[in-house]
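Only one structure is covered here, and it is reproduced in the block below.
These numbers come from the heavy atoms of this one structure, side chains and all, not from hydrogens, waters or symmetry mates. Model, not experiment: these values are computed from the prediction.
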Amino acid sequence: MNKEELIAKWLDHSLTKQEFEQFKKLPEYEQYVKLDTYASRFAAPAFDQDALYKSIQKARGKNNNLRPMIYKAVAAVIVLLVGAYVSLQLFTATATVVTTDIAQQQRVTLPDLSEVILNANSQLSFHPERWEENRSVTLAGEAFFKVEKGQSFKVQTSQGSISVLGTQFNVKTRPEVFSVQTYEGLVGVSHPNYEGELAKGEGMRIIENTLHMAPVSSTIQVPTWTKKNSTFESVPFYMVLKELERQYEVRIVADTIETQKLFTGNFIHTDIHQALKMITLPMQLTYTIDGTLITLTSN
């Protein structure tokens, strides 16, 4: 009995014991069994068996070679379903997701021992079972990467992607900014407003669809936020306030001040009062605290 006939009889649950032993020897046997188990979870739509039988009999009267054609068609459908099942299993494989809360940082070790430090209010996801074929992560928020050398490593974000082989770099993707800074090696960046490579000490950022080059100081080995200190250079003040909200569980109201003014400076992550002084004094502002609500006013 040929392969198509075995598949057709298996679907019809009419295989003899000898035929079933022959069916088990097919190379695709395990995939057929998995498909059968997967398909059993779904309810098939109702159909008129008598009408189907009569239509087949009628067609057979016109074409005596219909049976081999049916077998081939059934086999082709099975092959397609098996392929779809395998693809679906790969697509829906469980991802590892790491999420940080406000004022939290977390270190993540990837399957190839690459390291990621995730900043506050961020999320990283990847598929461990696919890692050898595809070193890729998805990032929302900010993270510092130390990538082991190997095949291409990609960081996907909602705003753009970053590709490297082995290097150290920082990626920040927030609603208000997209930035990449290279601390070691070479990084390729793909963004609607920027397409290029960044070598060690080079950086870029996009704020309000405007590109700015943002080099890394030669004295800095890692992003300062990994040491509980957020630094800024010529960025709109509202970005500083948003970052402070991420590092402290507070809400900042600044309705009466100009938040588009540029700010250069820093704040620490360990003392809210000290942090507020570090950002308000240079901007000639005062602040009041009411629980988790902070209100900024101009002097």
Discussion item. Could you check whether any side-chain heavy atom of Q247 comes within less than 4.5 Å of a side-chain heavy atom of N119, counting everything from C-beta outward?
Written reply: yes
Discussion item. Could you measure the distance from the NZ atom of K242 to the CD atom of E245? Nearest 0.5 Å is fine.
Written reply: 6.5 Å
Discussion item. Please find the pair of heavy atoms, one from Y183 and one from I220, that lie closest to each other, and give the distance.
Written reply: CD2-O, 3.8 Å
Worksheet item: Are L262 and I207 in one and the same hydrophobic cluster, where Ile, Leu, Val, Met, Phe, Trp and Tyr link if side-chain heavy atoms are under 4.5 Å apart?
Response: no
Item to complete: Please examine the side chains of V98 and S125, heavy atoms only from C-beta on, and report whether any two atoms are closer than 4.5 Å.
Response: no
Worksheet item: Can you find a pair of side-chain heavy atoms, one from W131 and one from T96, that are under 4.5 Å apart?
Response: no
Discussion item. Side chains of M213 and E202, heavy atoms from C-beta outward: is any pair under 4.5 Å?
Written reply: no
Practice prompt. Step through the shown structure and confirm whether more than 12 heavy atoms of other residues, nucleotides or ligands are within 6.0 Å of CD on Q260.
Written response: yes
Worksheet entry | Minimum-distance pair of heavy atoms, taken over all atoms of L198 and T182 | O-OG1, 3.2 Å
Discussion item. When you group the ILVMFWY residues by side-chain heavy-atom contacts below 4.5 Å and let the links chain together, are V171 and V216 in the same group?
Written reply: no
Practice prompt. Write down the atom of T173, the atom of Q159, and the distance for their closest heavy-atom approach.
Written response: OG1-NE2, 3.2 Å
Discussion item. Tell me the closest heavy-atom pair linking L296 and T256, and the distance in Å.
Written reply: O-OG1, 3.8 Å
Worksheet item: Any ring-ring contact (aromatic ring centres under 6.0 Å, His included) pairs touching residues 212-236, not counting sequence neighbours?
Response: F232-F267
Worksheet item: Quick one: which of T231, I279, T224 gives a side chain to side chain contact (heavy atoms under 4.5 Å, CB included) with N266?
Response: T231
Worksheet item: In chain order, what residues pass the side chain to side chain contact (heavy atoms under 4.5 Å, CB included) check against I102, with sequence neighbours excluded?
Response: E249
Worksheet item: Of all residues at least two apart in sequence or in a different chain, which pass the side chain to side chain contact (heavy atoms under 4.5 Å, CB included) check with V222?
Response: F144, T226, K227
Response to the item:
Here the pair of heavy atoms bringing E148 nearest to D112 is CG-O, 3.4 Å
Practice prompt. Kindly determine whether L244 and I272 satisfy side-chain contact (heavy atoms from CB on, under 4.5 Å), including the steps that lead there.
Written response: CA-CA 9 Å; L244 193 140; I272 183 64; 3.9 Å; yes
Worksheet item: Do the non-hydrogen side-chain atoms of E142 and N170 ever get within less than 4.5 Å of each other?
Response: yes
Worksheet, complete the sentence: d(F178 CZ, S158 OG) to nearest 0.5 Å is 9.0 Å
Fill in: Any side-chain donor near an acceptor of the partner, T138 and Q156, under 3.5 Å
no
Worksheet entry | Contact check, side chains of F126 and V116, non-hydrogen atoms, under 4.5 Å | no
Worksheet item: Do I268 and M239 sit in the same hydrophobic cluster, where Ile, Leu, Val, Met, Phe, Trp and Tyr count as joined when their side-chain heavy atoms come under 4.5 Å apart?
Response: yes
Practice prompt. For atom CD of Q104, decide whether the heavy atoms of other residues, nucleotides or ligands shown that lie under 6.0 angstrom number more than 12.
Written response: yes
Worksheet item: If we only count heavy atoms from C-beta on, is the F169 to V155 side-chain gap below 4.5 Å?
Response: yes
Item to complete: Determine, step by step, whether D290 and T288 satisfy the side-chain contact (heavy atoms from CB on, under 4.5 Å) criterion, reporting the C-alpha distance in whole Å, the side-chain angles of both residues, the deciding distance to 0.1 Å, and the verdict.
Response: CA-CA 7 Å; D290 182 9; T288 58; over 6 Å; no
Discussion item. What's the separation between atom OG in S114 and atom NZ in K146, rounded to the nearest 0.5 Å?
Written reply: 11.5 Å
Worksheet item: Is Q151 reaching over with its side chain to a backbone N or O of E132, donor-acceptor style, under 3.5 angstrom?
Response: yes
Discussion item. With a 4.5 Å cut-off on side-chain heavy atoms, are V240 and M283 touching?
Written reply: no
Worksheet item: So does E115 have more than 12 non-hydrogen atoms from other groups sitting under 6.0 Å from CD?
Response: yes
Worksheet entry | Plane angle bin for Y287 and H273 - parallel if under 30°, tilted between 30 and 60°, otherwise perpendicular | tilted
Worksheet item: For R205 and V177, which heavy atoms make the closest approach, and how far apart are they?
Response: CB-CG2, 4.4 Å
Worksheet item: Cluster question for you: counting only ILVMFWY and a side-chain heavy-atom cut-off of under 4.5 Å, with indirect links fine, are V180 and L186 together?
Response: no
Worksheet item: Considering the options I162, I117, L139, which one meets the side chain to side chain contact (heavy atoms under 4.5 Å, CB included) requirement together with F145?
Response: L139
Worksheet entry | Q106 side chain to T100 side chain, donor-acceptor N/O pair below 3.5 angstrom | no
Practice prompt. State the OG-CG distance between S152 and L165, to the nearest 0.5 angstrom.
Written response: 6.0 Å
Item to complete: Using the test side chain to side chain contact (heavy atoms under 4.5 Å, CB included), find all partners of T259 that sit at least two apart in sequence or belong to another chain.
Response: Y238, L241, A254, I257
Item to complete: Check step by step if side-chain contact (heavy atoms from CB on, under 4.5 Å) holds for L293 and V253.
Response: CA-CA 7 Å; L293 178 66; V253 176; 3.5 Å; yes
Discussion item. For residues 239-264, which residue pairs pass the ring-ring contact (aromatic ring centres under 6.0 Å, His included) check, not counting sequence neighbours?
Written reply: F237-F263
Worksheet item: Same cluster for L276 and M278 if Ile/Leu/Val/Met/Phe/Trp/Tyr side chains link at under 4.5 Å?
Response: yes
Worksheet item: If we ignore angles and hydrogens, is there a donor and acceptor under 3.5 Å between the side chains of T286 and T297?
Response: yes
Worksheet item: Going by atom types alone, do E195 and S190 pair a side-chain donor with an acceptor below 3.5 Å?
Response: yes
Practice prompt. For the pair E176 and R246, find out whether any cationic side-chain nitrogen is under 4.0 Å from an anionic carboxylate oxygen.
Written response: yes
Discussion item. When you measure from the side chain of H191 to the backbone of N193, do you find a donor-acceptor pair of N or O atoms at a distance under 3.5 Å?
Written reply: yes
Item to complete: State which residues pass side chain to side chain contact (heavy atoms under 4.5 Å, CB included) with L281; sequence neighbours excluded, sorted by chain then number.
Response: K277
